[in-house]
A.B. asks: 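Before I ask anything, here is the structure I am working with.
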Amino acid sequence: MAAVADEAELFLALVRQRYGARLDEAQLALVRETLEGLARDLAALRAATIPDDAEPGQPFAAFRAEP
Amino acid sequence: MSVAFRTIRELGADLRAGRLSPVALAEACLDGLEKTGRRLNAVVTLTRERALEQARRAERELKGGRDRGPLHGIPYGAKDLLATSGGIPTTWGAAPFRERRFDYDATVIRRLEDAGAVLVAKLAMVELAGGMGYRQPNASFTGPGISPWAPDAWSGGSSSGSGSAVGAGLVPFAIGSETWGSILAPATLCGVTGLRPTYGRVSRHGAMALCWTLDKLGPLALTADDCGLVLDAIAGPDPADPSAAARPYRYDAADPGRPFRFAVVRGAADAAQPPVREAFARALDTLRTLGSVEEIALPDLPYEAMTRIILWAEGASSFERLIESGGIADLTAPEDRATPYARDAILAKDYLRALRLRGVVAREIDRALSRFDALVGPSRGAVGARLGAEFRSPIRGGVPDVLGAIGAAAGLPAVGVPCGLTSEGLPVGLQFLGRAWDENVVLAAARAWQAATPYHRQRPPLS
């Protein structure tokens, strides 16, 4: 859980750096809470085993305008 | 003759028998939407001129012997994220877009016009379809959606106006959209039937893109049968939307003539509120009279985390310009004005991991479902929040919604049906989730449920 909390703090620093001027303390608290949830989600996602050959199910389609 | 709370089939019979005219029907809906729909914050724009023009055409055609099918002359409302031509605004429920107008019709709007349906209103919705992470009913520039069942209860979202307009008997059907829960939730909280089709069943052309790999369009109506009639009109391939599948669809209203095979995930209702748990337990008893109910376990995978990562990443990309410009400051819900900035923390490789895992999930769930007609569960774990109160949202991770996450990410069809009322008179719902492209199977199960139960015929205490 410490790693999750550390990652959330890292994320918060990023958001502060990019958008801090737009956000008041109450909004930053909302962002922090959101980032803590995000960090938990990312930890769960990264813990799942995925076969090496698993591909995203949205293949790019080459495009050519037909006359 | 009252036209409220009458099904598409009932209204169609009256229209064809000359007991009711399409113009009178459209005017009755417009009147109800103006008086009651506004009170429920369900309406963004009444499309009176277009409605009466379409209704007059339907009247001429039906009198002249041209019948376009079950929706001919039937009024409907469209969630205000579907593009409409003719100067009608398409606001996406969001103040920054309240003046937006398109010069074309979304494919769904066009197909409904071809089927002879009559567009009477653009209906209210949670701003940007809820994709910014709202957690309170007041998240639209038109105000919080109100359930017809209580003046202080939320209608659900994000297709809030679609749910409350049908639930109040103001239109026979409405079109909603769902990325995660946005058809089933308002259908539940407004006491109506909602159908989330398979991803790719219905063209998204002209619909606001929140998450291009998750968004689906579908109907809300009084019955599962009506949902099938609407799906029949709007489904099908579309050159304007490469994600719209080439698979043909025809609604089959026939009874399969055999017992159903239902599955229920172990502990499916454990995290739901007590009235929802109790209603679901009663529902299982009824379902056992319609067939078998087998408890199953799903593979241990991070369904909700995966779906949230996809939703948050794609939503942030779709609205990158609004977020980066600071335009989200003009949104209504306070959390929508700040929390989208958090999504900068999602790395490309995490988004791709979620997409890759989704393929694994899709196969695992299809395997689990292959022995069954439908997986059943509560269509929403919580009853309608009180206006002004915060609620716990699965999109923000505040409450479990495994079936919702699976359905959203794997793109599976589901029908939400009324399943009873709480002691406070608020609706609760049941969902039938099926295999990809099995809309007819889940609709058949929902029809059987509605033939065996009275809940879809209960009416809200509207004055």
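Fair warning: this is a prediction, and the values are worked out from it, not measured in the lab.
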A.B. asks: Rounded to the nearest 0.5 Å, what separation is found between the CG atom of L38(A) and the CG atom of D350(B)?
C.D. replies: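 Reported value, rounded in 0.5 Å steps: 8.0 Å.
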A.B. asks: Looking at E33(A) and R135(B), does any basic side-chain N land under 4.0 Å from a carboxylate oxygen?
C.D. replies: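 So E33(A) pairs with R135(B) through a salt bridge.
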A.B. asks: So, for R356(B) and D52(A), which heavy atoms are closest and what is the spacing to 0.1 Å?
C.D. replies: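 Smallest heavy-atom distance, with atoms named: NH2-O, 3.5 Å.
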A.B. asks: Which answer fits R32(A), side chain, backbone, both or neither, if we ask what part of it has an atom under 4.5 Å from a heavy atom of chain B?
C.D. replies: neither
A.B. asks: Please state whether the side chain, the backbone, both or neither of Q27(A) comes within less than 4.5 Å of a heavy atom of chain B.
C.D. replies: both
A.B. asks: Counting only non-hydrogen atoms closer than 4.5 Å, does L357(B) touch chain A with its backbone (N, CA, C, O), its side chain (CB onward), both, or neither?
C.D. replies: both
A.B. asks: For Y199(B), is it the side chain, the backbone, both or neither that has a heavy atom under 4.5 Å from a heavy atom of chain A?
C.D. replies: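 Side chain only.
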A.B. asks: Where is the tightest heavy-atom contact between A44(A) and P302(B), given as atom of each residue plus distance?
C.D. replies: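 The pair with the smallest heavy-atom distance is O-CG, 3.6 Å.
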A.B. asks: Between R353(B) and chain A, with a heavy-atom cut-off of 4.5 Å, which part of the residue counts as in contact: side chain, backbone, both or neither?
C.D. replies: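 For R353(B), heavy atoms of backbone and side chain both lie under 4.5 Å from chain A.
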A.B. asks: K349(B), M306(B), E324(B): which one forms the most heavy-atom pairs within less than 4.5 Å of chain A?
C.D. replies: E324(B)
A.B. asks: Y341(B) and side chain to side chain contact (heavy atoms under 4.5 Å, CB included): which partner among L28(A), T34(A), V15(A), L14(A)?
C.D. replies: V15(A)
A.B. asks: A quick test of your reading: do over 12 heavy atoms of other residues, nucleotides or ligands sit less than 6.0 Å from CD of E55(A)?
C.D. replies: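 Open.
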A.B. asks: Of the backbone (N, CA, C, O) and the side chain (C-beta and beyond), which part of I310(B) lies under 4.5 Å from a heavy atom of chain A, both, or neither?
C.D. replies: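 It is neither, since no heavy atom gets under 4.5 Å.
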A.B. asks: Would you compute the distance between atom CG of D344(B) and atom OH of Y19(A) and round it to the nearest 0.5 angstrom?
C.D. replies: 3.5 Å
A.B. asks: Verify the neighbour count for atom CG of D300(B): are there more than 12 heavy atoms of other residues, nucleotides or ligands below 6.0 Å?
C.D. replies: no
A.B. asks: If every non-hydrogen atom of L42(A) is compared with every non-hydrogen atom of I309(B), which pair is closest and at what distance?
C.D. replies: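 Shortest heavy-atom contact: CD2-CD1, 3.6 Å.
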A.B. asks: Is there side-chain contact between L45(A) and R308(B), with at least one heavy-atom pair below 4.5 Å?
C.D. replies: no
A.B. asks: Is the number of heavy atoms from other residues, nucleotides or ligands under 6.0 Å of R363(B) CZ greater than 12?
C.D. replies: no
A.B. asks: Any heavy-atom pair between the side chains of P51(A) and V360(B) that's under 4.5 Å?
C.D. replies: yes
A.B. asks: So how far is it from L347(B) CG to F11(A) CZ, rounded to the nearest 0.5 Å?
C.D. replies: 6.5 Å
